[in-house]
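I have placed the structure first, in the form of structure tokens, so that the comments after it can refer back to it.
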Amino acid sequence: MDAEAQDNDGSTARDPAARRRHPLLFRVAQAKLRPRWRLSEITVTEEPEIRRAVRAAALGNAMEWFDYGIYAYLAVTLGDVFYSGASEGTRTILSLATFAVSFAVRPLGGAFFGPLGDRVGRKQVLALTMILMASATFSIGLIPSYDTIGLWAPLLLIIARLAQGFSTGGEYGGAATFIAEYAPDKRRGYYGSFLEMGTLAGYIGASGLVLVLTAGIGEDGMASWGWRIPFLIGGPLGAIGLYLRLRLEETPAFVKSEAGRATVAEVTGEAEPALGRKAEGGRAEGKQTPGELRRIMAGQRQTMMLCIALVAAYNVANYMLLTYMPTYLTEILDWPRAEQLAVVIATMVAMISVVTLVGRANDRIGRKPLLMIGMAGFFVVSAPAYILVREGAVLAVFGGMLLLGACLICLQGTMSATLPALFPTEVRYGSLAIGYNLSVAVFGGTTPAVIEGLVHVLDTPMAAAYYTMAFAVVGIVSVSLLTETAGLPLEGSPPAVATAAEAEEVVRTQRRNPL
């Protein structure tokens, strides 16, 4: 058969007349290239097992973002504690810059933990990131102030933030991969939305704790010693998250991928050792090599660029609303901490109440429509929302934040199912961790500091709206280039279903193996 007669995937003839002349030949060729799934190849994960995995991943993620959120909601206070030697107007910028500096090492964390998770498993790496994050957060609560030890105070704070950033580099990519590989294909959006529920719950827990402490001991008490309490609580919470994650089983997709590699190695005679063993030459399995990173960067270059652009647009909006807005209310509108935290918490509670509905919706109508609504929404409503916020009245501020929150929840409830599906199983954790964290480091984590700087340089509080709108355009273009993945198997994995009856239905109704 002429090579021009079929596409690269072997499924569609470029010459329709050739298909009509040789229908049997084309069916045989298609069957060889894309054999039908056998029942034994389909992944069946029962509902209780899925829920246990999702709960542990989401709770662990909540505790990670509780640790991160503490700093965001104490940024002004931490500026006074650790940068008291600077002018009052500069302290907040330095504090936000310290928040951003942790993002500089997130790509390094992603490059380290991501490929490691593709080799030794998702579960082990997620446990390790939890240990590092909890330890770094706890240590911040022990650092003396600038008035006590001078420049050592901000230096130690930066070191602890770098440790947090390095550990977080392996968190989101791993947790999103973990849930995506456990979830049935038709419910990946729903279960993935619980990861973002965990993120919001972590932020709500952090802001709620700061609000309660401020109401109890006052601003002076918080500046003196109260700010340490949330950081010290992060240690025990990390231990709880570690316990939950260590109880999990490895994802079915990773186990089957490893089994496939072992089979190929056995047939070809390559030395591909099982987990926990050593390869020839004494190289420990799980040890990262430069070749692995090159393979990811070369083989996934275009997809990686799409991931970076999509994550940039998403994270600018995310950090603008959940991280910078409390600072905006304090610095620009001169709101008391209790009032600005109450409005932020109310906004996040409204978002968390509908995030799983968004997850269900993108399973039904697709990821792209929800993502496009969110991106286009930010372009349209950012300026009106900030005009409302600038009014200063509680209802106006809350209304503006709800507008932004409605757009953000369309992204949050959909992104955790979209991003893992961009990459094949064998390099999913590594590719997502590298692409996600590179984008967050350059665009997301710098958002609060960049916006604060733009507000002062341009002398307009609307700078935050314009910055968000610019990245919304990037998001719109990125979403238009996405391939719809709702309801389809992850690349490199067999179909995943929730019951044996569903597996039998897949076998009975399938047209061909879609991979």
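Reckoned from all heavy atoms, side chains included, excluding hydrogens, waters and symmetry mates.
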(request) Return the set of residues passing side chain to side chain donor-acceptor pair (under 3.5 Å) with S102 (not counting sequence neighbours), or none when no residue passes. (result)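 For S102, the residues satisfying side chain to side chain donor-acceptor pair (under 3.5 Å) (neighbours in sequence not counted) are Y68, R161.
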(request) Please name all residues satisfying side chain to side chain donor-acceptor pair (under 3.5 Å) with Y386, sequence neighbours left out, ordered by chain then number. (result) none
Non-hydrogen side-chain atoms of [X] and [Y] separated by less than 4.5 Å:
X	Y	result
L408	N318	yes
I233	L209	yes
M305	Q302	no
Y467	T447	yes
M351	Q412	yes
Y203	V344	no
L232	L142	yes
Y328	L321	no

(request) Decide whether Q164 and T137 meet the rule of one side-chain donor and one side-chain acceptor closer than 3.5 Å. (result)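 Short answer, yes.
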First locate atom [atom1] of [X], then atom [atom2] of [Y], and finally report the distance between them rounded to the nearest 0.5 Å.
X	Y	atom1	atom2	answer
L200	E196	CG	CD	7.0 Å
S431	L419	OG	CG	12.0 Å
L422	T303	CG	OG1	6.5 Å
T468	I451	OG1	CD1	5.0 Å
L242	M133	CG	CE	14.0 Å
T347	I345	OG1	CD1	10.0 Å

Testing the basics here: between [X] and [Y], what is the closest heavy-atom pair and its distance to 0.1 Å?
X	Y	value
D185	L490	OD1-N, 4.2 Å
A206	I70	CB-N, 3.7 Å
Y429	G117	CD1-CA, 3.5 Å
A160	A136	O-CB, 3.7 Å
G110	P115	O-CD, 3.5 Å
G400	A385	O-CB, 3.5 Å

(message) Among residues at least two apart in sequence or on other chains, which ones pass ring pair (Phe, Tyr, Trp, His ring centres under 6.0 Å) with Y314?
(response)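 Once residues adjacent in sequence are excluded, Y314 has no partner under the ring pair (Phe, Tyr, Trp, His ring centres under 6.0 Å) criterion.
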(request) Would you check, one step at a time, whether the test side-chain contact (heavy atoms from CB on, under 4.5 Å) holds for S416 with I179? (result) CA-CA 9 Å; S416 53; I179 292 178; over 6 Å; no
(message) Could you check, using the six-membered ring where one of them is a Trp, whether F471 and F378 have ring centers closer than 6.0 angstrom?
(response) no
(request) From the options F103, Y324, F443, select the one residue that forms a ring-ring contact (aromatic ring centres under 6.0 Å, His included) with Y319. (result) F103
(request) Could you list the residues that satisfy salt bridge (charged side-chain N to carboxylate O under 4.0 Å, His left out) with R187, not counting sequence neighbours? (result)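 Applying salt bridge (charged side-chain N to carboxylate O under 4.0 Å, His left out) to R187 gives E47.
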(message) Can you list everything that forms a salt bridge (charged side-chain N to carboxylate O under 4.0 Å, His left out) with E181? Sequence neighbours excluded, please.
(response) R122, R428
I'd like to know if the side chain of [X] and the backbone of [Y] have a donor-acceptor N/O pair within less than 3.5 Å.
X	Y	answer
T425	E491	yes
S439	Y436	no
S382	F379	no
N437	G169	yes
T177	G174	no

(message) Test side-chain contact (heavy atoms from CB on, under 4.5 Å) on L310 and M415; report intermediate values, then the result.
(response) CA-CA 9 Å; L310 193 63; M415 201 67 72; 3.8 Å; yes
(request) Determine, step by step, whether V76 and S95 satisfy the side-chain contact (heavy atoms from CB on, under 4.5 Å) criterion, reporting the C-alpha distance in whole Å, the side-chain angles of both residues, the deciding distance to 0.1 Å, and the verdict. (result) CA-CA 7 Å; V76 176; S95 180; over 6 Å; no
(request) Kindly determine whether F113 and F166 satisfy ring pair (Phe, Tyr, Trp, His ring centres under 6.0 Å), including the steps that lead there. (result) CA-CA 9 Å; F113 290 116; F166 189 75; 5.3 Å; yes
(request) Would you sort out whether T168 and T129 count as a side-chain contact (heavy atoms from CB on, under 4.5 Å), showing the intermediate values? (result) CA-CA 7 Å; T168 307; T129 61; over 6 Å; no
Show me the donor-acceptor pairs within less than 3.5 Å that the side chains of residues 361-369 make with the rest of the protein, sequence neighbours left out.
| residue | atom | partner | partner atom | Å |
| --- | --- | --- | --- | --- |
| N362 | OD1 | R367 | NH1 | 2.5 |
| N362 | ND2 | V358 | O | 3.1 |
| N362 | ND2 | G359 | O | 3.4 |
| N362 | ND2 | G413 | O | 3.0 |
| N362 | ND2 | T414 | OG1 | 3.4 |
| D363 | OD1 | G189 | N | 2.8 |
| D363 | OD1 | R367 | NH1 | 2.9 |
| D363 | OD2 | G189 | N | 3.3 |
| D363 | OD2 | Y190 | N | 2.9 |
| R367 | NH1 | N362 | O | 3.4 |
| K368 | NZ | L482 | O | 2.9 |

